[in-house]
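A quick note: this is a predicted structure, and the numbers were derived from the prediction, not measured.
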Amino acid sequence: MDEKIFVTRSSMPAYEEYIDAIKPLWESCRLTNMGQYHQELERQLKVYLDVPEISLMVNGHMALEMIIQAFGFPEGSEVITTPFTFVSTTHAIARNRLQLVFCDVKSSDGTIDEAKIEDLITEKTVAILPVHVYGNVCNIEEIQRIADKYGLKVIYDAAHAFGVKYKGKGIGSYGDASVFSFHATKVFHTIEGGAVTFSDKNLYDKLYNLKNFGIRGEEQVVSVGANAKMNELQAIMGLCNLKHIEQAIAARKERWIYYKEHLQNKKGICLFEENDGVSRNYAYFPILVEESYSMSRNDLYDLLRENHIFARKYFYPITADMECYIGQYIEKGLTTARKLSEQVLTIPLYEELKWEQMNRILELVC
Ligand SMILES: *Cc1c(COP(=O)(O)O)cnc(C)c1O
């Protein structure tokens, strides 16, 4: 009863496995700057994620900032995105000095409401930046149709969608680019880390310059770059974790199905719909606490907390309502996003979550 159950727990390789894998670094003393392990992880992830091109980054947020910057949109251009996400998505657009245009989401799965995108397009619109929130896949076909019609770029925040496939293809192969996060709390991690996937080969060099100060030679700097390189210790953690990823996702899937079986018919608890054609990664288990439930979302959150179960209100508040964004964006109604954020509660799910712990959680919820 005293043990605390958090919403997630980092997946760890065996201690000896990681220690053995990092040993060669004490010989080479080559710890970063696109070394051998960085290259190897890029090679393996390209295959695993089933994507044409990939560039590793120090974290998912910088991956987002770098790919937005790589497209070179004029300052003040408008980007259509959703506020029902982790704040990083919104920050990455704002920090590139672009105008935030928030589109509402669908109550069925929390992704951008594609039927409301066109109404937000102006002559200043340059891109759509949707989020595969909780690994729920956006309406890719309709978003692409709109982007093609208006000549817009599509950049997916796929931070929650590692390993997800849509219609048999890697989720990162859709749109102009997708961004993954390999943060310690994500399904696959490199401690901190991230990547951009894309199909236009020219982007590889642009991203390389952006993540490495624009340095192309000892005496040659070609662009105003930042520093967003993944180091070798991160890359090796990724190589170790990638060996166990199928097992990790399978363990999540078993637990995810167990939750679903017990919660899908519970009065007042609603679950997101599962999209067709998707092979999932079972990253999160968000529940929606409706009015007909025996208590409010916040009371359920408190009840779980009192029992040392730390569910999280992912995502509340919506980013549009955070103090740094009030009055800073364009929108035409965010009713569903706000409503979902007031109903949602993400309950613990990770590969080592014990069945008795799940039963304790389910007893409190049911
Ligand atoms: C985790 C996350 C990010 C940021 O990734 P970091 O690796 O933590 O920098 C961006 N967007 C979403 C939706 C995320 O969940």
Side-chain angles (χ1 to χ4, degrees), residues 1-11 84-86 105-111 132-137 160-165 185-188 244-316 336-337 339-366:
M1 187 59 192
D2 269 347
E3 99 200 283
K4 293 188 164 105
I5 306 174
F6 296 100
V7 73
T8 191
R9 194 174 134 124
S10 294
S11 168
F84 186 63
T85 182
F86 180 54
V105 297
K106 291 172 291 187
S107 56
S108 57
D109 64 7
T111 66
H132 298 305
V133 67
Y134 313 116
N136 295 344
V137 172
H160 298 173
F162 185 87
V164 170
K165 293 221 158 133
T185 57
K186 302 290 198 317
V187 167
F188 166 81
H244 311 290
I245 189 70
E246 290 299 335
Q247 204 183 307
I249 292 175
R252 285 174 173 278
K253 179 176 180 178
E254 266 188 283
R255 287 158 178 77
W256 194 94
I257 289 171
Y258 189 71
Y259 271 148
K260 186 182 163 190
E261 280 169 1
H262 287 83
L263 290 171
Q264 64 187 351
N265 296 320
K266 172 75 193 158
K267 186 163 178 277
I269 298 290
C270 182
L271 306 180
F272 283 117
E273 281 171 22
E274 290 169 63
N275 321 94
D276 291 335
V278 176
S279 99
R280 306 182 64 95
N281 65 2
Y282 306 97
Y284 300 95
F285 203 90
I287 64 174
L288 298 167
V289 182
E290 301 191 311
E291 235 149 69
S292 55
Y293 187 67
S294 52
M295 66 184 103
S296 71
R297 187 275 306 267
N298 287 349
D299 287 346
L300 177 59
Y301 169 87
D302 290 340
L303 174 73
L304 290 170
R305 250 184 112 84
E306 283 156 20
N307 287 275
H308 290 180
I309 294 154
F310 297 86
R312 295 293 299 269
K313 298 173 198 173
Y314 290 150
F315 293 95
Y316 174 85
T336 306
K339 182 165 177 218
L340 288 182
S341 79
E342 279 159 17
Q343 292 182 331
V344 76
L345 194 61
T346 296
I347 61 177
L349 177 65
Y350 46 88
E351 58 184 295
E352 274 156 0
L353 187 61
K354 298 189 191 86
W355 300 101
E356 76 217 38
Q357 295 176 318
M358 294 185 74
N359 287 335
R360 249 172 67 203
I361 295 166
L362 286 167
E363 257 168 52
L364 289 162
V365 176
C366 292

- Item | With Phe162 via ring-ring contact (aromatic ring centres under 6.0 Å, His included) - residues at least two apart | Tyr48, Phe182, Phe188
- Message: With a 6.0 Å cut-off (strictly less than), is the heavy-atom count around NZ of Lys339, excluding the residue itself, greater than 12?
- Response: no
- Query: With sequence neighbours left out, what residues match Ser10 under side chain to side chain donor-acceptor pair (under 3.5 Å)?
  - Reply: none
I'd like a table of donor-acceptor pairs (distance under 3.5 Å, sequence neighbours excluded) in which one partner is a side-chain atom from residues 272-279, with atom names and distances.
from, atom 1, to, atom 2, distance (Å)
Glu274, OE2, Lys260, NZ, 2.8
Asn275, OD1, Val137, N, 3.2
Asn275, ND2, Asp109, OD2, 2.9

- Note on the structure: ring-ring contact (aromatic ring centres under 6.0 Å, His included) filter on Tyr350, not counting sequence neighbours, yields none
- Note on the structure: By ring-ring contact (aromatic ring centres under 6.0 Å, His included), His244 pairs with (sequence neighbours left out) none
- Message: If the condition is side-chain contact (heavy atoms from CB on, under 4.5 Å), which residues does Tyr284 pass it with, not counting sequence neighbours?
- Response: Tyr134, His160, Lys186, Pro286, Thr346
- Item | From OH (Tyr293) to CG (Asp299), nearest 0.5 Å | 10.0 Å
- Message: Going by side chain to side chain donor-acceptor pair (under 3.5 Å), name the residues that satisfy it together with Ser107, two or more places apart in sequence or in a different chain.
- Response: none
- Note on the structure: Across all chains, not counting sequence neighbours, the side-chain contact (heavy atoms from CB on, under 4.5 Å) partners of Phe6 are Lys4, Phe310
- Side-chain ion pair, Glu352 and Arg9, N-O less than 4.0 Å: yes
- Item | Partners meeting side-chain contact (heavy atoms from CB on, under 4.5 Å) with Thr85 (sequence neighbours left out) | Thr89, Thr90, Val131, Asp157, Thr319
- Residue set satisfying ring-ring contact (aromatic ring centres under 6.0 Å, His included) with Tyr301, at least two apart, ordered chain then number -> none
- Message: Among residues at least two apart in sequence or on other chains, which ones pass side chain to side chain donor-acceptor pair (under 3.5 Å) with Arg255?
- Response: none
- List in chain and number order the residues that pass side-chain contact (heavy atoms from CB on, under 4.5 Å) with Glu351, two or more places apart in sequence or in another chain; answer none if no residue qualifies. Ser11, Ala248, Ala251
